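Notes for the one structure printed next.
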Amino acid sequence: MKKLFFLATLSTLSFSAFSQDIQFENLSKSQVENVAREFSGNFSHTGVSAPETDGLWGLEVGVVGGQSKSPDLADVVDSSGGDGKDFEKLYHAGLQVRAHFPFDLFAEVTVLPEQEFDPVKVKNTTMEIGWNLGGFFGWPIDVALGVNRANSEISFTQDPVGSITSEADISLKSKTTIMWVGVSKTFLFVTPYVKFGKASADSEVDATADIFGFPGPTTSYEVENEGNYFAAGANLQFAFLKLGAEISKIMDVSRTSAKISFDF
């Protein structure tokens, strides 16, 4: 487990680059909405798992990680006087536990304990429950219904810039929900899968200074985003070792993810 935690920590080291020269200033409502959408899409749940259940009971423990594209964040940093090229991608990672139970029910949890890369702090917890109808009714393919929820937070201290004359503490909190239908089929040791559904996110941006370009003094803004969800991937099983790769699109945020785990 210590090795898995170490891998998860390595996967978040790019946040140290994120802390170098990020700048938020005079953000419009659309810019806040777009940045919140990219953050919540990046940190939404994924176990890089096929929607299958093999046997009456099962347990999988591993680590997941990946990246998503964040062109709107890069544009915001550029428009605030920073260098947006360092922020064209966001990263996610976490320890993963997946279990399936009688009646072909399954549950997943991924956790990224709070990591600090001065002055950036990031943490993320996600969970998912689902039901494999295909396994329950003995169909030739696995067909599952699932819903997941992610709670994420990233916070940092911004140096004085432009109209901001002192350090500003800024945080972005998101709660992302995805409801999906998935299909998978195992061929020897390979299980390809697809999932599709709907995603929604409630986010809040808080600051100790007025980083918004709205009329009047504003230091907090709540955002709602929603859109489609699609994921396609494959799991490879070698005895107890499982590898996985996935591409997905969450509210128009493109993301790639991978995992290594042990399946019992």
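Side chains are part of it too, since the values below use all heavy atoms of this structure and drop only hydrogens, waters and symmetry mates. Bear in mind that the values here come from a model prediction, so they are computed numbers and not experimental data.
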**Prompt:** At their closest point, which heavy atom of K259 faces which heavy atom of S49, and how far apart are they?
**Reply:** NZ-OG, 3.4 Å
**Item:** Any side-chain heavy-atom pair of I129 and L105 under 4.5 Å
**Value:** no
**Request:** Walk me through it: do F24 and V76 pass the test side chain to side chain contact (heavy atoms under 4.5 Å, CB included)?
**Result:** CA-CA 7 Å; F24 285 170; V76 164; 3.7 Å; yes
**Item:** Over all atoms of both residues, closest heavy-atom pair of S184 and T191
**Value:** CB-CG2, 4.0 Å
**Complete:** When rounded to the nearest 0.5 Å, the distance separating CG of N148 from CD1 of I178 is 4.5 Å
**Prompt:** Do N225 side-chain atoms and E33 backbone N/O form a donor-acceptor pair below 3.5 Å?
**Reply:** yes
**Pair S261-Q96, side-chain donor/acceptor within less than 3.5 Å** = no
**Test ring-ring contact (aromatic ring centres under 6.0 Å, His included) applied to F264 - qualifying residues, sequence neighbours left out** = F240
**Asked** Rounded to the nearest 0.5 Å, what separation is found between the CG atom of L243 and the CG atom of D263?
**Response** 11.5 Å
**Message:** With no hydrogens and no angle check, just 3.5 Å: does a side-chain donor-acceptor pair link S203 and S174?
**Reply:** yes
**Message:** Count I, L, V, M, F, W, Y as connected when their side-chain heavy atoms are under 4.5 Å apart, and connections chain through other members. Are M251 and L90 then in the same cluster?
**Reply:** no
**Message:** How long is the straight-line distance from CG of D75 back to CD of E88, given to the nearest 0.5 Å?
**Reply:** 9.0 Å
**Prompt:** So if you build clusters from Ile, Leu, Val, Met, Phe, Trp, Tyr with side-chain heavy-atom gaps below 4.5 Å, do V120 and F87 land together?
**Reply:** yes
**Message:** Just verifying a value: how many Å separate F156 CZ and L172 CG, rounded to the nearest 0.5 Å?
**Reply:** 8.5 Å
**Asked** Are side-chain N/O atoms of S44 and R255 paired as donor and acceptor at under 3.5 Å?
**Response** yes
**Message:** If you compare all heavy atoms of S248 against all heavy atoms of A231, which two are closest, and at what distance to 0.1 Å?
**Reply:** CB-CB, 3.8 Å
**Message:** For E224 and D202: C-alpha separation, side-chain torsions, deciding distance, then whether side chain to side chain contact (heavy atoms under 4.5 Å, CB included) applies.
**Reply:** CA-CA 5 Å; E224 294 183 2; D202 296 322; 3.4 Å; yes
**Prompt:** Cut-off 3.5 Å, side chains only: do D169 and T157 have a donor facing an acceptor?
**Reply:** yes
**Message:** Hydrophobic clusters here meaning ILVMFWY residues chained together by side-chain heavy-atom distances under 4.5 Å, can you tell me if L236 and F187 are in one?
**Reply:** no
**Request:** Hey, could you give me the CD/CD distance between E108 and E128, rounded to the nearest 0.5 Å?
**Result:** 4.5 Å
**Message:** Name the residue from V122, T176, I250 that meets the side-chain contact (heavy atoms from CB on, under 4.5 Å) definition with F43.
**Reply:** V122
**Request:** Treating Ile, Leu, Val, Met, Phe, Trp and Tyr as nodes and any side-chain heavy-atom pair under 4.5 angstrom as an edge, say whether V183 and W180 lie in one connected cluster.
**Result:** no
**Complete:** When every non-hydrogen atom of T219 is compared with those of D210, the smallest separation belongs to CG2-N, 4.2 Å
**Pair E52 + K242: basic N to acidic O under 4.0 Å** = yes
**Request:** Would you confirm whether K195, through its side chain, and G233, through its main-chain N or O, come within 3.5 Å as a donor-acceptor pair?
**Result:** no
**Message:** Surrounding CG of L56 (heavy atoms of other residues, nucleotides or ligands, distance under 6.0 Å), is the total greater than 12?
**Reply:** yes
**N151 vs R149, side chain to side chain contact (heavy atoms under 4.5 Å, CB included): CA-CA, chis, key distance, verdict** = CA-CA 7 Å; N151 294 314; R149 180 69 174 258; 4.0 Å; yes
**Message:** Would you say that more than 12 heavy atoms from the other residues, nucleotides or ligands in this model lie under 6.0 Å from the CG of D54, or not?
**Reply:** no
**Item:** Between H92 and S68, a side-chain donor and acceptor under 3.5 Å
**Value:** no
**Prompt:** Hey, mind stepping through Y221 and L27 against side chain to side chain contact (heavy atoms under 4.5 Å, CB included) and telling me if it holds?
**Reply:** CA-CA 11 Å; Y221 188 60; L27 303 185; over 6 Å; no
**Message:** When you group the ILVMFWY residues by side-chain heavy-atom contacts below 4.5 Å and let the links chain together, are I141 and V181 in the same group?
**Reply:** yes
**Prompt:** Is it true that a side-chain atom of N235 and a backbone atom of V48 form a donor plus acceptor pair closer than 3.5 Å?
**Reply:** yes
**Asked** When you look at CD1 of I247, are more than 12 heavy atoms from neighbouring residues, nucleotides or ligands closer to it than 6.0 Å?
**Response** no
**Fill in**
Y193 and A245 have their tightest heavy-atom pair at OH-O, 4.1 Å
**Asked** Is the backbone N or O of N34 less than 3.5 Å from a side-chain atom of D72, with the two atoms forming a donor-acceptor pair by type?
**Response** no
**Prompt:** Are there more than 12 heavy atoms of other residues, nucleotides or ligands under 6.0 Å from atom CZ of F196?
**Reply:** no
**Item:** Donor on one side chain, acceptor on other, T110 and T126, under 3.5 Å
**Value:** yes
**Request:** Give, for atom CG of N132 and atom NE2 of H100, the distance between the pair rounded to the nearest 0.5 Å.
**Result:** 9.5 Å
**Message:** Is the ring pair F101/W57 parallel, tilted or perpendicular, if the boundaries are 30 and 60 degrees?
**Reply:** perpendicular
**Prompt:** If you count the non-hydrogen atoms of other residues, nucleotides and ligands that lie under 6.0 Å from CG in L241, is the total more than 12?
**Reply:** yes
**Request:** Specify the closest pair of heavy atoms between V35 and L73, including all atoms of both residues, with the distance to one decimal.
**Result:** CG2-CA, 4.0 Å
